[in-house]
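First up is the structure itself, then whatever we jot down about it.
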Amino acid sequence: MLSPWMVGRIANVIESDNFYNTLNLPDETYCKANGIDYQPCVLPGDLGAQQRAMAILCGGSFTI
């Protein structure tokens, strides 16, 4: 299984969209073509204060 690590990779929604389009989509396409499971890491860690702050920073786009 391939699961890209996103810690520190995004700081806002625009960077999240860029990460998705330039890394997640090509990785998923490669994995599907080669029989590899793919699981993107959206918000690593637990839902403690720091992760909640990240969700708020991104306008709540990552709230569960």
Side-chain angles (χ1 to χ4, degrees):
M1 174 178 285
L2 177 65
S3 182
W5 190 244
M6 290 184 63
V7 174
R9 300 292 300 265
I10 61 171
N12 55 51
V13 174
I14 293 170
E15 289 179 7
S16 175
D17 289 344
N18 183 55
F19 190 89
Y20 174 76
N21 290 318
T22 60
L23 293 167
N24 286 136
L25 284 179
D27 283 352
E28 185 176 14
T29 300
Y30 175 85
C31 287
K32 282 183 181 179
N34 291 283
I36 301 169
D37 291 330
Y38 183 75
Q39 179 180 341
C41 180
V42 176
L43 187 60
D46 60 23
L47 290 177
Q50 296 292 16
Q51 283 76 21
R52 291 184 193 279
M54 177 62 179
I56 292 168
L57 172 69
C58 293
S61 298
F62 301 111
T63 54
I64 297 173

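By convention here, the first residue in the shown sequence is residue 1.
Rounding to the nearest 0.5 Å gives a distance of 11.0 Å between CD of Glu15 and OG1 of Thr22. Atom OH in Tyr38 sits 8.0 Å away from atom CG in Leu25 (nearest 0.5 Å).
For Pro26 against Tyr20, the heavy-atom pair with the smallest separation is CD-O, 4.4 Å. Closest non-hydrogen pair, Asn24 versus Pro4, comes out as ND2-CG, 3.7 Å.
When side chains are defined from C-beta on, Leu2 does not count as touching Tyr30, because their heavy atoms never get closer than 4.5 Å.
Here the side chain of Asn21 pairs a donor or acceptor atom with the backbone of Asp17 at under 3.5 angstrom.
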